K.L.:
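Below is a structure I'd like to ask you about.
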Amino acid sequence: MLNLVLFGPPGAGKGTQAEFLIENFDLIHLSTGDLLRSEIAAQTELGIQAKSFMDKGELVPDEVVIKMIESKLAANKTAKGFIFDGFPRTVAQAKALDSLLDNNATPVSAMMCLEVEKAELINRLLNRGKTSGRPDDANEAVIENRINIYNVKTMPLINYYEGKGKYRPIKGMGTIEEIALRLKSAVENL
Ligand code: B4P
């Protein structure tokens, strides 16, 4: 089983690159951002709660996203593997993922970390904001907040996975196709 954590700051290309990985490796894509946005669109209680965090660029509380992932894993027991996109984002989430996967005896295979310069992240997100209708992409101050939160709460996961020998940095600058090829060959070399 291949379980990939697709990692990187907001705008690094996680969602974009996940699509190529699904095609190449036949994995189930679990994006906590997408799952939360569909809860918002359906106006569920969870979605209404999550929206107040997401619009400000804050992280949604750990227990909410962990529960979502837990139920998706339970619903896909025969999968060949998973791409975790945007999850985990905190050390508590990473520990929870380890214990959920332990229950299925299928640990994280690797954490693929897309590395992109800050100015490029801001450009990409502001560009997406022109058409996406996402409030968290529309405002540069919110984007800055998302990047700061990534630096403080999410970056420590690099040490977490490096300590387990699972950290794989990937240059995330360049065209979408160039980055997809880099990722594909890194996964093939696992
Ligand atoms: P996400 O949906 O994960 O948002 P993201 O980080 O912006 O997505 P991504 O990184 O996939 O976007 P991409 O670069 O592909 O999360 C949104 C919010 O949900 C978070 O802020 C948080 O509030 C909440 N949340 C989600 N998961 C959570 C968790 N686990 N815990 C707590 N809260 C959580 O795309 C960006 C743009 O760049 C696109 O327009 C794309 O076309 C473009 N692009 C990509 N690659 C490019 C390239 N090489 N060149 C030029 N443009 C490129």
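Values in this document were obtained by computation on a predicted structure and should not be read as measured data. First listed ligand is number 1; within each ligand, the first listed atom is number 1.
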K.L.:
Any side-chain heavy-atom pair from Lys67 and Glu63 closer than 4.5 angstrom?
P.N.:
no
K.L.:
Is there a side-chain contact between Arg37 and Arg134 in this structure, where contact means two heavy atoms from C-beta onward sitting under 4.5 Å apart?
P.N.:
yes
K.L.:
Which atoms from ligand 1 have a heavy atom of Ile179 less than 4.0 Å away?
P.N.:
49 (N)
K.L.:
Side chain or backbone, does Thr175 bring an N or O within less than 3.5 Å of an N or O on ligand 1?
P.N.:
no
K.L.:
State whether the shortest distance between N or O atoms of Arg37 and N or O atoms of ligand 1 falls below 3.5 angstrom.
P.N.:
yes
K.L.:
Between Val65 and ligand 1, which part of the residue brings a heavy atom under 4.0 Å of the ligand: side chain, backbone, both or neither?
P.N.:
side chain
K.L.:
Using a strict cut-off of 4.0 Å, indicate which atoms of ligand 1 neighbour a heavy atom of Arg134.
P.N.:
2 (O), 4 (O), 7 (O), 17 (C)
K.L.:
What protein heavy atom lies closest to atom 5 (P) of ligand 1? Include the residue and the distance to one decimal.
P.N.:
Arg146 NH2, 3.6 Å
K.L.:
Ring centroids only, cut at 6.0 angstrom: are Tyr150 and Phe7 within range, meaning strictly under it?
P.N.:
yes
K.L.:
Give me the nearest non-hydrogen protein atom to atom 14 (O) of ligand 1 as residue plus atom name, then the distance to 0.1 Å.
P.N.:
Gly13 N, 2.5 Å
K.L.:
Is there a donor in the side chain of Asp62 and an acceptor in the side chain of Thr90, or the other way round, less than 3.5 Å apart?
P.N.:
yes
K.L.:
If we only count N/O pairs under 3.5 Å, is Gly86 in contact with ligand 1?
P.N.:
yes
K.L.:
Between the side chain of Asn3 and the main-chain N/O of Pro107, is any donor-acceptor distance below 3.5 Å?
P.N.:
yes
K.L.:
Below 3.5 angstrom, do we get any N/O pair linking Arg128 and ligand 1?
P.N.:
yes
K.L.:
Which residue supplies the protein heavy atom nearest to atom 49 (N) of ligand 1, what is that atom called, and how far is it?
P.N.:
Gly174 O, 3.0 Å
K.L.:
Does any N or O of ligand 1 fall below 3.5 Å from an N or O anywhere on Pro10, backbone included?
P.N.:
no
K.L.:
Under 4.0 Å from a heavy atom of Gln93: which atoms of ligand 1 are those, numbered in the order shown and with their elements?
P.N.:
29 (C), 30 (N), 31 (N), 32 (C)
K.L.:
Hey, is ligand 1 close enough to Gly15 that some N/O pair sits below 3.5 Å?
P.N.:
yes
K.L.:
Quick one: do Glu144 and Lys118 make a salt bridge, cutoff under 4.0 Å?
P.N.:
yes
K.L.:
Under a 4.0 angstrom heavy-atom cut-off, which atoms of ligand 1 come close to Glu58?
P.N.:
22 (C), 23 (O)
K.L.:
Out of Arg89, Lys130, Lys153, whose heavy atom sits nearest atom 3 (O) of ligand 1?
P.N.:
Arg89
K.L.:
Closer than 4.0 angstrom, basic N to acidic O: yes or no for Asp85 and Lys14?
P.N.:
no
